[in-house]
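Some notes on the structure that comes next.
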Number of protein chains: 2
Amino acid sequence: MELQLQIKMNEKLFVRNPEQTELGRKIIQFSIQLIYENGFEAFTFKKLAEVIGSTEAGIYRYFENKHRLLIYLTAWYWSWLEFRVTFHLNNISDPSIKLKKLIQLLAANVIDDDSTIYVNESILHQIIIAEGSKAYLTKHVSDDNKDRLFKPYKDLCSLIAGIILEYNPHYTHPRSLASTIIEMAHLQVFFMNHLPSLTDFGESRDEQLVVEYLEDLVFCSIRK
Amino acid sequence: MELQLQIKMNEKLFVRNPEQTELGRKIIQFSIQLIYENGFEAFTFKKLAEVIGSTEAGIYRYFENKHRLLIYLTAWYWSWLEFRVTFHLNNISDPSIKLKKLIQLLAANVIDDDSTIYVNESILHQIIIAEGSKAYLTKHVSDDNKDRLFKPYKDLCSLIAGIILEYNPHYTHPRSLASTIIEMAHLQVFFMNHLPSLTDFGESRDEQLVVEYLEDLVFCSIRK
DNA sequence: TAAATTAGATAGTAATACTATCATTTGATA
DNA sequence: TATCAAATGATAGTATTACTATCTAATTTA
């Protein structure tokens, strides 16, 4: 069985839908590659155009600017992750097992899953760790939020908050704890790799240690 | 008694020490103002130079580029905060009271304290919330880290980790919890103000709710 | 076959992120 | 008070970035 995953993206994220054309898909594929290699600051549409054998103007037909492209990539990632989470938690009724699986999915290294040929999910995961928060840390967050650009992130957060409440309906901060889990699943991995003294994982580079930390944090907090 | 607080900054943070000249102090003062008003991305040395009646080249004599200036401001902030924390926790022996005061100092709105004329700590605090993580979320974190540019952040983290261990010497993740507290004290406030559905604080804009959330998170985790 | 969509090629502009040079002011020192 | 060095200001210039505009060629679709 070969299935291609298609994620329906908010129209405001792009000028022209990149998933519907060859060039569009190349933009997604190679922007992920380039941002991963050079970082978001050094990434330009010109460099991207050169790599994919197109022109700057060509890229601008799909995305207003590189920041919008970053928001697109993050939105895609969160949608994909929500799908993945939903899929993996299917048929599990015990909320504590759900939460454990969830933390695993958030913090553990992703293996490119071939469900989309032009998105390397493993590399995209790395990008989201290092660049993801730049999508919303801007002067125009509120405007972007009005355009619902962060809906996938918020949906995932809601999903997690729901499971937390399943586990303990009296817990008072399900959403804040959910966003804490999401953010820390990424940031503790980043710290482990680049600023290890901000963590207790040394230079191990072992994401399972982050998983253990988060499990402890979460289950202590929501214990009935 | 009028005291001027002088924070000794790492020499690698600047080209020429901005605290020692009038122009340097103006750069600090007005860069804080401009980054606050326009966001870090829209902030340029040219605009800064115009505001303080100097020239672009003049600013470059103090800071290599705007990213270094951001690192300088964050380093200054963390040093100042560590001093503040040390000061406020002085003579307190009960580590649980220490932790509560600490969370309060991290998450609550700062009032400009006049201990430094050219730094508006209240606005700087706002900047660190929205822009602070951009200081380390780069391709060259590790190089910057080798130059010890993030030492003040790490020192504060160590301080907090120490208090956590005072409270419970057997807690396994004092550093990760410390960096989680620091990051979340800022991020939950940002979310509360701009993406409220990622929190449980609604549009209240009341930082005390963030304080309560963090206290709950921390004390549940480190309970003996 | 005509019409529309998509892409490529080229050009151009304003702003950004710097670097270099030289003259002037200021302030410390002898 | 003369002198020297440090700090600043003024000006100019470059490469790159972040776009916008226009025109043509190729491809698809009706």
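Both backbone and side-chain heavy atoms feed into the values below; hydrogens, waters and symmetry mates do not. Chain identifiers are assigned alphabetically (A, B, ...) following the order of the sequence lines, protein sequences preceding nucleic acid strands; residue numbering begins at 1 within each chain.
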R61(A) CZ - dA4(C) P separation (whole Å)
18 Å
N/O (side chain, Y62(A)) to phosphate O (OP1/OP2, dA7(C)) under 4.0 Å:
yes
Check salt bridge (charged side-chain N to carboxylate O under 4.0 Å, His left out) between D155(B) and all other residues, then give those that pass, not counting sequence neighbours.
K151(B)
Could you please name the option among dT11(D), dA17(C), dT17(D) that lies closest to any side-chain atom of T55(B)?
dT11(D)
Measure from CG on L48(B) to P on dC18(C) and round the result to the nearest Å.
14 Å
Fit a plane to each ring of Y77(A) and W80(A), take the angle between them on a 0 to 90° scale, and name the class: parallel (under 30°), tilted (30 to 60°) or perpendicular (over 60°).
tilted
Aromatic contact between W78(B) and H186(B), with the criterion being ring centroids under 6.0 Å apart: yes or no?
yes
Counting only heavy atoms and a strict 4.0 angstrom limit, can you tell me which residues of residues 6-26 of chain A come near DNA chain D?
none
A cation-pi test, strictly: NZ or CZ of K134(A) under 6.0 Å from the centre of the six-membered ring of F40(A) and no more than 45 degrees from its axis. Yes or no?
no
For the pair made of CD in E56(A) and P in dT17(D), what is the distance, rounded to whole Å?
9 Å
Would you confirm whether R205(B), through its side chain, and N193(B), through its main-chain N or O, come within 3.5 Å as a donor-acceptor pair?
yes
Categorize Y60(B) for me: base, sugar-phosphate, or nothing, with a 4.0 angstrom heavy-atom threshold over every strand shown.
base
Between dT10(C), dT11(D), dA17(C), spot the one nearest the side chain of K66(B), thanks.
dA17(C)
Tell me, please, whether F30(B) has K47(B) positioned over its six-membered ring: NZ or CZ under 6.0 Å from the ring centre and within 45 degrees of its axis?
no
Over how many whole Å does the gap from R68(A) atom CZ to dC19(D) atom P extend?
12 Å
Along DNA chain D (nearest heavy atom to each residue), the more 5'-positioned of A57(A) and I52(B)
I52(B)
Within the supplied structure, the quantity of interest is the number of heavy atoms (other residues, nucleotides, ligands) at a distance under 6.0 Å from Y36(B) OH; does it exceed 12?
no
Quick one: K47(A) NZ to dA18(D) C1', roughly how many Å, whole number?
13 Å
Mind calculating the distance between CG (N38(A)) and C1' (dT16(D)) to the nearest angstrom?
15 Å
From NZ of K46(A) across to P of dA18(D) the rounded distance in Å is 11 Å
Whole angstrom is fine here: how far is it from CG in L69(A) over to P in dA18(D)?
12 Å
